[in-house]
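What's counted below: heavy atoms across the whole structure, side chains too, no hydrogens, waters or symmetry copies. Since we're looking at a predicted model, the values are computed, not measured.
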Amino acid sequence: MTRNDLPGKEEKDVRSLNFIEQIITEDIRTGKAGGRVHTRFPPEPNGYLHIGHAKSICLNYGLAEKYNGLYNLRFDDTNPLTEEVEYVESIKEDVRWLGYDWEDRLYYASDYFEILYEWAGKLIKKEKAYVCDLNAAQISEQRGTPTRPGIESPYRNRTIDENLDLFRRMRNGEFRDGQRVLRAKIDMASPNMHMRDPVMYRIIHVAHHRTGHDWCIYPTYDYAHGQSDSIEGITHSICTLEFEVHRPLYEWFIRELDIFPSRQIEFARLNLSYTVMSKRKLLQLVKEGHVNGWDDPRMPTISGLRRRGYTPESIRYFSDRIGVAKRNNVIDVALLEHSVREDLNVKATRVMAVLNPLKVVITNYPAGEPEEVDAVINPEQPELGKRKVPFSREIFIEKDDFMEDPPRKFFRLAPGREVRLKYAYIIKCEKVLKDENGKVAELHCTYDPATRSGMPEANRKVKSTIHWVSAQHAREVEVRLFDRLFLNPDPEEIEEGKDFKSNLNPDSLKIVRGFISSGMEGARPLDKFQFERTGYFCVDTESTSRNMILNRTVTLRDAWTRYEKTNNTKSTRPKTGK
RNA sequence: UGACCGAUGGUGUAAUGGUAGCACUGCAGAUUUUGGUUCUGCCUGUCCAGGUUCGAAUCCUGGUCGGUCAACCA
């Protein structure tokens, strides 16, 4: 599946553009910016990228591709207090992994510090900016509130020369952190708080990850972002909703500076059910050890999803499916799961693995005479052909595939019943052996030699087909069964006095020992497989040849479990009042 | 008690004054050597009240509900 080949994309192109596409289409029609489309993804290198960022990346870059434009990667690195190269590297890796190539258009806001400084001087000369000696608390105090206008700074009417001199000395390092700031001179009575003489520069005597000690004054987001867009010729500067109130300021700087007019467009950020998305909360989960790092497969980070077994294609498909609008949304995580299943169904090699073994002895099968049967590599890709799988007298099947006293809708193995062993024979359960606790320990079955797959008798109808692994050929592996990180679709829905972590799912990770036989020789980290009837799995990055580790990406859709669940719920679990 | 933004099935998203469509979820059925995939069918929706119009999800007015904004964060 290539990027422009997403299912559903074509019908979508015929009609129904999202609101941003409509704006772009209109801008192209009217010849704005010469009909050019140029977007950017502007992360701050202070954390890891998550699925919400993926939405933004796919949106920004997808739009550029769709309209034959260009896209940049630009690090918004204007705050040396929180930013680090480590994050720059992980972000680049994640964007590249998603399948996007920014070619030579990798930029940093810090590339523009010099021209930004110059432009600030220009604003001072226009009497549109001034140096203010108030401290942070005073500025905040004087800014007023959303319902009450602010008051003007006593330093607001300094002369141009005095401002120029002070600003130069700020840069020269003559003042302490926080001693003075440069402010835009706009309107302290504006109903928009961001127009009340916002800070443009602050003094921070800290080394910057790229510019080192060259600077001790740093531009704020509002002063740096729009100008960076303008410098790069960004036509459509797409950001999230909370920046909507910044737009008048974004446009004010561009107008006063008389530079290329990039246009800011806001969309609603992604929220996903059963997870949290804020960097702060994600960081908390990592720091407090609720997960094992940023790339823990349960995390909604790009690196976590990658390690979980998600493919770039599945994430791009997902981004395309969720759409773009301005209203707040919560996407059902089931759509994300659907997206990987759809991709992996076509790609993943099928393999049989038993995760919860029950030993079966086929009493009429010769001992010490294993044979090989043919297994399909991927029914969605018949051209891939078949693979040999060893079969023998003693095998493991899944505990869940046997019930001593089955309900009517249970089609699998039970005393006296027949099932088909996939790719092999039909067997019949003759005897149930139990341990001292009365638990089922082993099954004795007989097989029908005439039902070997491929033979005419094999077409006999049986109610179900189960997977298996030959005991003598079985290789033990570690299997990590992941589930949703939170129990509540909205982790923020909490009782008084508790926080979102009280909604953590205690069973989000279960580690079991499973058995595989053949088909996974030479598998490398992140290789993906379907364990037939069970789910999609990928080789973990910590997997070694001695201890192979498989991560469950997602289960297969499962009508039986669903049926079982709804029925158990009714009989065994008392309803909690609602 | 301000300004700005938003409101379409359970969840998302289209329809831009002319048949409310698509996807996910759920349910039912067909096919199936994966209770997978595929296919078919079904359930469920325009926040409320007025107005304009032959005709309103769409335009207007008022309300309701939700979100954003008072970092020298981005």
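Taken to the nearest 0.5 Å, the CZ atom of Arg263(A) stands 8.5 Å off from the CD atom of Glu251(A).
A straight line from CG of Leu336(A) to C1' of rG12(B) spans 13 Å, rounded to a whole angstrom. Rounded to an integer number of Å, the gap from CD of Gln227(A) to P of rA74(B) is 13 Å. The distance between atom CG of Leu556(A) and atom C1' of rG35(B), rounded to the nearest whole Å, is 10 Å. Atom NE2 of His194(A) is separated from atom P of rA74(B) by 13 Å (rounded to the nearest Å). Atoms CG (Asp558(A)) and P (rG35(B)) sit 8 Å apart, rounded to a whole Å. Protein atom CG of Asn328(A) is 17 Å distant from nucleotide atom P of rC65(B), rounded to whole Å. With rounding to whole Å, Arg202(A) atom CZ is found 9 Å from rC72(B) atom P.
Not one side-chain nitrogen or oxygen of Arg327(A) sits closer than 4.0 Å to the OP1 or OP2 atom of rG66(B). The side chain of Gln22(A) contributes an N or O atom lying less than 4.0 Å from OP1 or OP2 of rA15(B). Between rA71(B) and Arg196(A), no contact under 4.0 Å exists linking OP1 or OP2 to a side-chain N or O. Close to rC73(B), at under 4.0 Å from its OP1 or OP2, lies no side-chain N or O of Thr220(A). OP1 and OP2 of rG35(B) both lie 4.0 Å or more from every side-chain N or O belonging to Thr465(A).
Comparing rC69(B) with rU52(B), their P atoms are spaced 40 Å from each other, to the whole Å. Distance noted for atom C1' between rA28(B) and rG67(B): 39 Å (whole Å). For rU61(B) and rC4(B), the P atoms lie 13 Å apart once the distance is rounded to whole Å.
Within the nucleic acid shown, Val330(A) comes within 4.0 Å of sugar-phosphate atoms alone, with no base atom in reach, counting heavy atoms only. As judged by a 4.0 angstrom heavy-atom cut-off over every strand, Tyr201(A) is placed among residues making no nucleic acid contact.
Evaluation of atom-type donor-acceptor distances gives a pair under 3.5 Å for the side chain of Glu380(A) against the base of rG36(B).
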Across nucleotides 24-30 of chain B, 5' to 3', mark each nucleotide with B, S or - according to how protein heavy atoms within less than 4.0 Å reach it. SSSS---

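Classified by interplanar angle (parallel below 30°, tilted 30° to 60°, perpendicular above 60°), the ring pair Phe113(A)/His208(A) is perpendicular.
In this structure, rU1(B) forms no base pair with any nucleotide, since neither Watson-Crick nor G-U wobble geometry is met with both distances under 3.5 Å.
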